[in-house]
Amino acid sequence: MFDKKVGMALLLSLALVACDGDGYGSDDNDGDTGGGDTGGGDTGGDTGGGNDNTPVNLTIGTGEGGSFLEGALAISIDTLSAGGSTEIRVNVVDENSSNALYTAESVSVEFSSQCSSITPARASFSPATATGQGTISTTYTAEGCRGEDTVTARVSTSSGSATAAGTVTVEGIEVGSITGATPEFSTIGILGFGTEGRPTTTRVPFIVRDLHGAPVGNQDVTFNIENPIGGVQLTKDTGTTNSAGEVYAIAQSGTVNTTFKVSATTEVLDSLGEPTGEFISTENPYDITVNSGLPMSHWITFGPETLNPTDAWGEFGVDVALSFIVSDRTGGPAAEGSVFSLKTNAGQVVGENGGPVESCVVVGGRCSLTWTSANPWPSDGGVRVLAFTRGDEYFIDENGNGAYDEGEYFCPLPEPYLDSNNNGAYDLGENFVDGSSTGTSGTWDDVPAQFANCWSRVNFVTNESEAAALGLYSDGTGAIKYRGSSCTQVARDNGHCDELTYIGVDLGMILSRPFLTISDPGNVDLTVSTDPVTFTVSDDLGNIPAVGTDLSDITCEEVEAEVINPPDGAVTNTYRSPGTGFDYQVRFTPADGGVSPGSCILRAGNALRQVDVIF
């Protein structure tokens, strides 16, 4: 209740209201003002409004006038189900005006309760502070509160405060079910090898509902992983549901590829909201897969759109698309954000926006760039492009546990290099990726000779005998360590999986020149053989001509000729080592009524070749 002595400011405010209210010297729109015809000051005095200096004395409760009940709250529904809501109202009155509703100015009322004041709060008010004149209301919502909750409304002034109170009873929750929802990430990376698109942790959600299907808030839940493998664990194994009944565990990967599920358990409550000692559990139906997602050697496809682009030698700005398909060891797309760097001995690699780049970011297991012709021009016409990244060496998972075990076969890799002279071997001075902590810095690191070709031989190895025959490495002493992300603990203890390796793919293109020649087979004698005759077409560097070069332009006398291979009669999209032309076959037959010898002229670009045919 307010002190009967209020501040001067309030008195002045009330006085101003009294002196300027309706019918007290105001303009009533009839042309008369002041108190001329109405008696002026007498009228004001008779009503008790104009010169009444009685202070305002506010209090709160329910009702007004003679029915006012001080200190009480009007609660629309005083017994709520769990999670229910109700409106709560309070009237602000002036005791000195016979408990009339106070509407002269706005008043702020603060609402609170026992359940809303604890941490975490189990009830809320909307709004918690309500402002208005006369009757002021808010909405109370139970958010896990059970039993009786005392609600208090408070209005404050400089001289004190007034309060009102009431009770809301919240019925207990009868938990009916707990169900799993879709994990934040269904595939997570191996511990220590997470990426933005494949982190090493994931949130696993569950939802608790009552017997009527409504969400249950503030319900404690515990989580568990049955038979965790390779160090998989929960970093958050307990939680409390929010107002939507939602709660989540946080699972973290281990050091091996595996699949697991998370289960949740909560206690059953009776109709009063009391624990029964019984529990309900559920297993989240969604598998969570632990997989590095890192690119694995032998699981990279990298190639240009065109292997012998048209007249690209010496021509600036001839573009060739470069595309990657990159998989992890399970054959799934490599992790989002895996980055390939590139090196080339000629031209330039550019990004999709036309700007120079030296890397390609994997999205959906793929990435693409563009090579464009420019200086330097390769003297032999051969271009090499090396794409490389950190990843896993190939191994044969003999026991299917998703991790490298000591003694399993794997393919040790040399450091990737750019085979600039196209001879299939590293030569001093060629660009290489210097990345192995176990090798010699500044020197290209090879592998022992018996493993030199395992890169090209392991793709279809399926058992131990095949692996041994192909020279894959397996040594229980661990003289050579497996480099990758997924190892058993025993293998890790023996030094395997201490690091990743650089894996790379080196591809070739031929930049053809327009000056072509066709080989001379000599005279074609059909009396000796009617087999097709092979011709070789090449540019002036001895290389395969540009894709699409027409080979079918042949004119003959006395005989007929037809290109039978390639079937479409044009140079195909293919790579031939520098110094290697393109072979094609022509079949010659006598023309009807033709007289031997006959002759034909073969054309390919600017090249001509005359062939005499005997029959």
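Remember, it's a predicted structure, so these values are computed and weren't measured experimentally.
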>> Taking Ser281's backbone N and O only, do any of them form a donor-acceptor pair with Thr265's side chain (distance below 3.5 Å, no angle check)?
In response: no

> With distance as the sole test, does Gln219 use its side chain to make a donor-acceptor pair with the main-chain N or O of Glu267 at under 3.5 Å?
Replying inline: yes

> Among side-chain atoms of Asn91 and Thr135, is any donor-acceptor pair under 3.5 angstrom?
Replying inline: yes

>> If the condition is side chain to side chain donor-acceptor pair (under 3.5 Å), which residues does Asp78 pass it with, not counting sequence neighbours?
In response: none

> Would Asp405 and Asn399 count as having a side-chain donor-acceptor pair, cut-off 3.5 Å?
Replying inline: yes

>> If you count every heavy atom of other residues, nucleotides or ligands that lies below 6.0 Å from Glu148 atom CD, does the total exceed 12?
In response: no

> Mind checking whether Leu342 and Leu369 have side chains closer than 4.5 Å, heavy atoms only?
Replying inline: yes

>> Using every non-hydrogen atom in the two residues, find where Val216 and Thr241 come nearest and quote the distance to one decimal.
In response: O-OG1, 2.7 Å

> Got a sec, which residues hit ring-ring contact (aromatic ring centres under 6.0 Å, His included) with Phe185, two or more places apart in sequence or on another chain?
Replying inline: none

>> Under a plain distance cut-off of 3.5 Å, with no hydrogens placed, do Ser485 and Arg329 share a side-chain donor-acceptor pair?
In response: no

> Taking only residues two or more places apart in sequence, or in another chain, which ones meet Phe223 in a ring-ring contact (aromatic ring centres under 6.0 Å, His included)?
Replying inline: Phe206

>> Could you check whether any side-chain heavy atom of Glu95 comes within less than 4.5 Å of a side-chain heavy atom of Glu70, counting everything from C-beta outward?
In response: yes

>> Keeping Ser297 on the side-chain end and Tyr394 on the backbone end, is there a donor-acceptor pair under 3.5 Å?
In response: yes

>> Tell me whether Thr372 contacts the main-chain N or O of Gln348 through its side chain, where contact means a donor paired with an acceptor under 3.5 Å.
In response: no

> How long is the gap from SG on Cys145 to CD1 on Ile118, to the nearest 0.5 Å?
Replying inline: 7.0 Å

> Which pair of non-hydrogen atoms, one from Val109 and one from Ala153, has the smallest distance, and what is that distance?
Replying inline: CG1-CB, 3.8 Å

>> For Val290 and Val256: C-alpha separation, side-chain torsions, deciding distance, then whether side-chain contact (heavy atoms from CB on, under 4.5 Å) applies.
In response: CA-CA 7 Å; Val290 179; Val256 302; over 6 Å; no

> Looking only at heavy atoms, which two atoms of Leu58 and Tyr102 are closest? And how far apart?
Replying inline: CD2-CG, 3.4 Å

> Are Thr152 and Thr163 close enough that a side-chain donor and a side-chain acceptor fall under 3.5 Å?
Replying inline: no

>> Assess, by modelled atom type and distance only, whether the side chains of Asp493 and Gln489 contain a donor and an acceptor separated by less than 3.5 Å.
In response: yes

> In terms of side-chain geometry, is the basic nitrogen of Asp498 or Lys481 positioned less than 4.0 Å from the acidic oxygen of its partner?
Replying inline: no

> Yes or no on side-chain contact (heavy atoms from CB on, under 4.5 Å) for Asn99 and Glu64, after CA distance, side-chain angles and deciding distance?
Replying inline: CA-CA 6 Å; Asn99 292 328; Glu64 60 180 301; 5.8 Å; no

>> With side-chain contact (heavy atoms from CB on, under 4.5 Å) as the criterion, how do Ile288 and Ile188 come out once you've worked through the C-alpha distance, each side chain's angles and the decisive distance to 0.1 Å?
In response: CA-CA 7 Å; Ile288 300 172; Ile188 57 178; 4.2 Å; yes

> Please walk me through it: do Arg483 and Glu393 pass salt bridge (charged side-chain N to carboxylate O under 4.0 Å, His left out)?
Replying inline: CA-CA 6 Å; Arg483 293 173 294 178; Glu393 288 179 325; 2.8 Å; yes

>> Using modelled atom types and a 3.5 Å cut-off, is there a donor and acceptor pairing between side-chain atoms of Ser67 and backbone atoms of Gly63?
In response: no

> So do Ile207 and Arg209 actually touch side chain to side chain, heavy atoms under 4.5 Å?
Replying inline: yes

> Does a side-chain heavy-atom distance below 4.5 Å link Leu294 with Leu500?
Replying inline: yes

>> Measuring from atom CD1 of Ile250 to atom CG of Leu234, what distance do you get when rounded to the nearest 0.5 angstrom?
In response: 9.5 Å

>> Is it the case that atom CD in Glu87 sees more than 12 heavy atoms from other parts of the structure closer than 6.0 Å?
In response: yes

> Does a side-chain heavy-atom distance below 4.5 Å link Val92 with Val155?
Replying inline: no

>> Holding to ring-ring contact (aromatic ring centres under 6.0 Å, His included), I want the full list of residues that pass it with Phe395, two or more places apart in sequence or in another chain.
In response: Tyr404, Tyr482

>> Using every non-hydrogen atom in the two residues, find where Cys487 and Ala403 come nearest and quote the distance to one decimal.
In response: C-CB, 3.8 Å

> Rounded to the nearest 0.5 Å, how far apart are CD1 of Ile229 and OG1 of Thr488?
Replying inline: 12.5 Å

> Under the side chain to side chain donor-acceptor pair (under 3.5 Å) test, which residues partner Glu226, sequence neighbours left out?
Replying inline: Asn224

>> side-chain contact (heavy atoms from CB on, under 4.5 Å) for Ile75 and Thr86? Distances and angles first, verdict last.
In response: CA-CA 7 Å; Ile75 301 175; Thr86 186; 4.2 Å; yes

> Do Val326 and Arg366 have side-chain heavy atoms sitting under 4.5 Å apart?
Replying inline: no

>> Please give me the minimum heavy-atom distance between Gly245 and Pro215, naming the atom from each residue.
In response: N-CB, 3.7 Å

> ring pair (Phe, Tyr, Trp, His ring centres under 6.0 Å) between Phe324 and Phe340: does it pass, once the steps are laid out?
Replying inline: CA-CA 9 Å; Phe324 298 76; Phe340 275 83; 5.2 Å; yes

>> Pairing donors with acceptors under 3.5 angstrom, does anything connect the side chains of Thr259 and Asp287?
In response: no

> Is a side-chain donor or acceptor of Ser327 paired with a backbone partner of Ala334 at a separation under 3.5 angstrom?
Replying inline: no

> Does any non-hydrogen side-chain atom of Gln252 lie less than 4.5 Å from one of Thr202?
Replying inline: no

Under 3.5 Å, which donor-acceptor pairs link side chains of residues 136-144 to any protein atom two or more places apart or in another chain?
residue, atom, partner, partner atom, Å
Thr138, OG1, Ser126, N, 3.4
Thr138, OG1, Ser126, O, 3.3
Thr138, OG1, Pro127, O, 2.5
Tyr140, OH, Asp149, OD2, 2.7
Thr141, OG1, Ser85, OG, 2.8
Glu143, OE2, Ser124, OG, 3.0

> Can you find a heavy atom in the side chain of Thr59 that is under 4.5 Å from one in the side chain of Val93?
Replying inline: yes

> Under the 3.5 angstrom rule, does the side chain of Thr266 hit a backbone N or O of Asp220 as a donor-acceptor pair?
Replying inline: yes

>> For the CG atom of Asn218 and the CZ atom of Arg122, what is their distance to the nearest 0.5 Å?
In response: 4.5 Å

>> Under a 3.5 Å distance rule, please check whether Thr501 uses its side chain to pair with a backbone N or O of Ile503 as donor and acceptor.
In response: no

